[in-house]
**Student:** 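Before I ask anything, let me first share the structure, which is written out below as structure tokens.
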Amino acid sequence: MTVRVGVIGAGWIGHEHIRRLTHTITGARVTAVTDIDTARAEEAAAPVGAQVLPDGAAVVASDDVDAVLVTSWGPTHAEHVLNSIAAGKPVFCEKPLATTAEDCLKIIEAETAHGRRLVQVGFMRRYDAGYRQMKQVIDSGRIGEPLIVHCAHRNPTVPESYTSAMAALDTAVHEVDVLRWLLDDEIVSTQVVTPRATSKRFEHLKDPQIMLFETAKGVRIDLEVFVNCQYGYDIQCETVGEEGLVRLPDPAAVGVRTAARHSTEVLTDWVARFREAFDTEFREWIANLAAGAEPTGPSAWDGYAATVITSATVEALESGRVVTTDLKPRPTLYGGTA
């Protein structure tokens with residue numbers, strides 16, 4: 001079976017996923033594209049022979065679309081996901097699932113009423129080989145019960161439009177999701193500490209930030225978000241357990257010895273760092289759809305949790321307080337008891 005995919009949003013990430021669905025994985029064909037900028041939609045659709053439709057509703061309703069991919073502006077996500085659920089069509093939504101907890105809950109309610117999972121949220125870290133190896137080690141019990149997690153998320157630079165709140169909402173959101181998955185645990189409180197600010201930042205930006213999370217089982221997580229580190233794109237994660245620790249490997253790179261130095265390359269952007277994770281994410285999504293199975297990746301509940309936790313982290317940054325996340329009870333559709 002070839003899964004016919006309609007794409008809502010033809011910006012950079014939309015173009016990249018269209019390329020991925022067309023040339024990197026098998027079993028999918030992009031049949032429809034829309035964007036608020038019609039010229040951009042036409043540019044994305046032409047090379048793959050897809051039709052350009054006037055809006056997201058038309059993509060969802062199209063008889064030539066089996067599944068929907070949402071890569072539009074974040075505040076529009078909820079509308080497109082809800083339309084897809086109403087049409088009974090699987091929908092892959094790049095993060096965020098929605099920009100407010102209220103809209104996330106509407107999606108959860110709609111999907112729960114449908115009675116079957118349709119939604120997958122684009123948290124690609126769960127598909128990275130290193131994180132998957134860490135998950136296997138933690139789940140096996142080899143390091144004992146997790147006690148502490150140390151993380152860092154570093155970018156070389158960010159544009160002037162980047163705000164202090166985006167450190168949680170756009171950057172740390174990936175750690176929030178992958179740590180909940182790695183630990184099989186829920187984040188219940190968040191705090192932000194701001195050390196001495198780097199002189200390399202724009203004046204309005206608080207950078208770096210240290211985010212401190214606590215989970216329901218008492219695991220303590222510290223996350224350094226430093227988005228003007230200058231030297232490269234660097235993702236670090238180390239889980240300390242009762243009997244050992246497991247550390248995320250750096251991307252494979254050759255060692256170079258020259259001029260009395262031994263060096264290895266440091267990547268400079270997230271595209272190169274997580275390209276294979278993106279490929280695996282879409283390969284598994286399409287394979288599940290082709291088999292008639294429900295999506296197995298990050299769920300609407302995971303999207304809701306990420307929005308609540310990152311919003312609480314922004315509140316913690318602005319207030320200087322420890323903020324509880326106060327998540328609603330997890331519905332049975334997503335493995336809960338509510």
Side-chain angles (χ1 to χ4, degrees), residues 73-78 93-108 121-123 125 148-180 183 185-216 218-230 233-237 270 298 301-328:
W73 186 43
T76 69
H77 287 188
C93 181
E94 275 297 351
K95 61 91 179 167
L97 174 64
T99 53
T100 67
E102 292 75 18
D103 279 346
C104 289
L105 288 172
K106 290 178 184 177
I107 291 168
I108 287 171
V121 184
F123 290 120
R125 296 250 187 122
I148 306 167
V149 185
H150 306 293
C151 300
H153 187 144
R154 304 183 183 116
N155 293 59
T157 59
V158 290
E160 192 168 4
S161 58
Y162 189 97
T163 66
S164 296
M166 290 171 70
L169 299 175
D170 284 17
T171 301
V173 64
H174 289 289
E175 273 78 15
V176 164
D177 178 74
V178 82
L179 290 170
R180 293 177 58 253
L183 299 172
D185 200 357
E186 199 55 84
I187 292 172
V188 297
S189 73
T190 176
Q191 180 182 6
V192 181
V193 176
T194 52
R196 178 181 178 180
T198 174
S199 63
K200 306 297 184 180
R201 79 197 193 287
F202 290 103
E203 190 62 31
H204 67 272
L205 184 61
K206 294 180 180 179
D207 186 46
Q209 297 178 29
I210 300 173
M211 300 175 185
L212 306 173
F213 304 109
E214 183 178 9
T215 75
V219 178
R220 286 289 187 169
I221 300 164
D222 58 83
L223 166 60
E224 170 203 324
V225 176
F226 186 11
V227 295
N228 289 282
C229 78
Q230 306 299 304
Y233 181 77
D234 191 8
I235 302 299
Q236 300 293 325
C237 183
W270 59 271
W301 175 262
D302 296 314
Y304 160 72
T307 294
V308 170
I309 294 164
T310 54
S311 296
T313 304
V314 174
E315 181 183 343
L317 170 68
E318 295 173 348
S319 69
R321 298 184 293 106
V322 176
V323 177
T324 57
T325 56
D326 299 325
L327 293 169
K328 301 290 186 184

**Student:** Where is the tightest heavy-atom contact between Ala168 and Val314, given as atom of each residue plus distance?
**Tutor:** CB-CG2, 4.0 Å
**Student:** Just how far is it from atom CG of Asp234 to atom SG of Cys229, taken to the nearest 0.5 Å?
**Tutor:** 7.0 Å
**Student:** State the CD1-CD1 distance between Ile221 and Ile148, to the nearest 0.5 angstrom.
**Tutor:** 11.0 Å
**Student:** Could you go through the side chain to side chain contact (heavy atoms under 4.5 Å, CB included) check for Val158 and Asn228 one step at a time?
**Tutor:** CA-CA 6 Å; Val158 290; Asn228 289 282; 3.8 Å; yes
**Student:** Does Arg180 come within less than 4.0 Å of Asp302, counting only side-chain N to carboxylate O?
**Tutor:** yes
**Student:** With the side chain counted from C-beta on, respond yes when Phe213 and Val149 share a heavy-atom pair under 4.5 Å apart, and no when they do not.
**Tutor:** no
**Student:** Where is the tightest heavy-atom contact between Val322 and Ser189, given as atom of each residue plus distance?
**Tutor:** CG1-CB, 4.0 Å
**Student:** Starting at OG1 of Thr324, measure out to CD of Glu315 and round the result to the nearest 0.5 Å.
**Tutor:** 8.0 Å
**Student:** Is any side-chain heavy atom of Leu223 closer than 4.5 Å to a side-chain heavy atom of Gln209?
**Tutor:** no
**Student:** Between atom OG1 of Thr163 and atom CG of Leu205, what is the distance when rounded to the nearest 0.5 Å?
**Tutor:** 7.5 Å
**Student:** How far does CE of Met211 sit from CD1 of Ile309, to the nearest 0.5 angstrom?
**Tutor:** 12.5 Å
**Student:** Quick one: does His77's side chain have a donor or acceptor within less than 3.5 Å of a partner on Glu94's backbone?
**Tutor:** yes
**Student:** Check the pair Val308, Cys104 against side chain to side chain contact (heavy atoms under 4.5 Å, CB included), reporting the backbone distance first and the verdict last.
**Tutor:** CA-CA 9 Å; Val308 170; Cys104 289; over 6 Å; no
**Student:** Applying side chain to side chain contact (heavy atoms under 4.5 Å, CB included) to Phe123 and Val173, what does each step give before you reach the verdict?
**Tutor:** CA-CA 9 Å; Phe123 290 120; Val173 64; 3.8 Å; yes
**Student:** Pair Gln236, His150 - check side chain to side chain contact (heavy atoms under 4.5 Å, CB included), show working.
**Tutor:** CA-CA 8 Å; Gln236 300 293 325; His150 306 293; over 6 Å; no
**Student:** What residue among Trp270, Tyr233, Phe226 forms side chain to side chain contact (heavy atoms under 4.5 Å, CB included) with His153?
**Tutor:** Tyr233
**Student:** Hey, are the side chains of Lys328 and Tyr304 touching, using non-hydrogen atoms and a 4.5 Å cut-off?
**Tutor:** yes
**Student:** Are the side chains of Glu175 and Arg125 in contact, using a 4.5 Å heavy-atom criterion?
**Tutor:** yes
**Student:** Once rounded to the nearest 0.5 Å, what's the spacing between atom CG of Asp222 and atom CD of Gln191?
**Tutor:** 11.5 Å
**Student:** What closest approach, in Å, do Thr157 and Gln230 show between heavy atoms, and which atom pair accounts for it?
**Tutor:** CG2-NE2, 4.0 Å
**Student:** State, with a plain yes or no, whether a side-chain heavy atom of Leu105 is found less than 4.5 Å away from one of Glu102.
**Tutor:** no
